[in-house]
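Proteins come first, then strands; the chains are lettered A, B, ... in the order of their sequence lines, and each starts at number 1. Just so we're clear, the structure is a prediction, and the values are computed from it rather than from any experiment.
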2 protein chains.
Amino acid sequence: MIDSNLEMKARKMLKAVKLYCTSGRIDILAILMKAGKPLSQEQIARRSGEKHFDKVTIYRTLESLLKVGLVHKAFMDKRAWHFELAHNCTEHQCHPHFTCTNCGNIHCLMGMSLPMAKSPYKGFVINRQQVWLEGLCPACA
Amino acid sequence: MIDSNLEMKARKMLKAVKLYCTSGRIDILAILMKAGKPLSQEQIARRSGEKHFDKVTIYRTLESLLKVGLVHKAFMDKRAWHFELAHNCTEHQCHPHFTCTNCGNIHCLMGMSLPMAKSPYKGFVINRQQVWLEGLCPACA
DNA sequence: GTAAAATCTGCAACTTTGTTGCATATTATT
DNA sequence: AATAATATGCAACAAAGTTGCAGATTTTAC
Ligand SMILES: [Mn+2]
Ligand SMILES: [Mn+2]
Ligand SMILES: [Zn+2]
Ligand SMILES: [Zn+2]
């Protein structure tokens, strides 16, 4: 099911950060690459087909990918956490995420970088920013 | 415990949106006014002193305040939802929220409005935006 | 002011989402 | 191949939020 090109890429990414290349990590990275948008544990589980990773494994895998920076947590209006590959993010900000108020779908809005916020209060050091947008997607507008 | 000035304000807000003036709503509005930052259900419960509202009541109260726009859900890196008064927000965006990576405290950064994002993709209608910032607060920097 | 209608509230039970401990399996290193 | 290091699955648990329903409050109509 996982195309071997994605598997290669996943292995490379894992090697680069010195994580064990396990089938869980490879598959989850491939799923995130294919998705191209933030996914929840449950969505990842559903997309992993016959493999049926335990949810504990999925969470721990995401945690390990998060720690080395391969993956980011994306803020959503959803209850469950959503994770996505970090490869479209700069050090200081991910691209904005958009939720359609009508159909509920999530979109990554690449290629629009908001200026980094600058606090008007003295003493705040801002290291990262995340922007979330809400409105109507092209299909619903 | 609730100062009667806040109670007055709360009653007026509720009247204005045609919600019943119940002690739960009044107290929770007052708590949010005093806090001046987003609070979770659990934080609200702890601040409500001897009243001991059931958590179901708190959630349902927040839901009703949310529906009429008196309150907003603020995105946080915390697991629990956080709610705040909507009176410092424009129609299209709340002020940004800041989380200190060291002490975990949340700050509302009033008075800095990021420009509204404009999608580079045709067909997206953006109605609201929320910005979340992470870094070091003055006490921890 | 009182009765009726409308809306809230608390409780108990439940769902969803995420975590911990521990024994076993897999991966990497020598 | 043996060993060390790390990952996985299972079961049990914890935290956050929801639902149904009976009884309590609040509002409205008289
Ligand atoms: Mn994204
Ligand atoms: Mn705020
Ligand atoms: Zn849509
Ligand atoms: Zn701090």
_Which nucleotide in dC11(C), dT27(D), dA28(C) has an atom nearest any side-chain atom of D54(B)_ = dC11(C)

*Which part of the nucleic acid, if any, lies within contact of T57(B), taking any heavy atom under 4.0 Å across all strands shown: a base, the sugar-phosphate backbone alone, or nothing?*
base

*Nearest-Å distance for atom pair CD1/P, residues I44(B) and dT9(C)*: 13 Å

*Under the side-chain contact (heavy atoms from CB on, under 4.5 Å) criterion, do I28(A) and S48(A) qualify, and how do the steps go?*
CA-CA 8 Å; I28(A) 289 173; S48(A) 65; over 6 Å; no

*Just how far, in rounded Å, is C1' of dT9(C) from CG of D27(B)?*
14 Å

*Counting heavy atoms from C-beta on, name the nucleotide in dG10(C), dT18(D), dT26(D) closest to the side chain of Y59(B).*
dT18(D)

*How long is the line joining CG of L62(A) and C1' of dT17(C), in whole Å?*
13 Å

*Quick one: W81(A) CH2 to dA15(D) P, roughly how many Å, whole number?*
13 Å

*Of the nucleotides dT17(C), dG9(D), dA7(D), which has the atom closest to the L19(A) side chain?*
dA7(D)

*Geometric class of the F75(A)/W132(B) ring pair [parallel <30°, tilted 30-60°, perpendicular >60°]*: tilted

*Given atom CD of Q43(B) and atom P of dG17(D), what is their separation to the nearest angstrom?*
11 Å

*Whole angstrom value for the distance that separates P of dC8(C) from CD of E63(B)*: 12 Å

_Is there a side-chain contact (heavy atoms from CB on, under 4.5 Å) between W81(A) and S40(A)? Walk through the geometry before answering._
CA-CA 6 Å; W81(A) 291 342; S40(A) 65; over 6 Å; no

*Let me know the distance between CZ of F53(A) and P of dC10(D), rounded to the nearest Å.*
12 Å

*Roughly how many Å is it from CZ in R11(B) to P in dT27(D), rounded to a whole number?*
8 Å

*Taking NZ, NE, NH1 and NH2 as the nitrogens, is one of them in E42(A) or R46(A) under 4.0 Å from a carboxylate oxygen of the other?*
yes

*Check: dT16(C) base within 3.5 Å donor-acceptor of R79(A) side chain*: yes

*Which is true for T61(B) with a 4.0 Å heavy-atom rule: it touches a base, it touches only sugar-phosphate, or it touches nothing?*
sugar-phosphate

*Output the single nucleotide from dT27(C), dT18(D), dC8(C) whose closest atom is nearest the side chain of R25(B).*
dC8(C)

*Is any side-chain nitrogen or oxygen of T22(B) closer than 4.0 Å to OP1 or OP2 of dT7(C)?*
no

_Check this for me: does the side-chain of R60(B) come within 3.5 Å of the base of dG10(C) through a donor and an acceptor?_
yes

*What distance do M33(A) atom CE and E7(A) atom CD have between them, rounded to the nearest 0.5 Å?*
10.0 Å

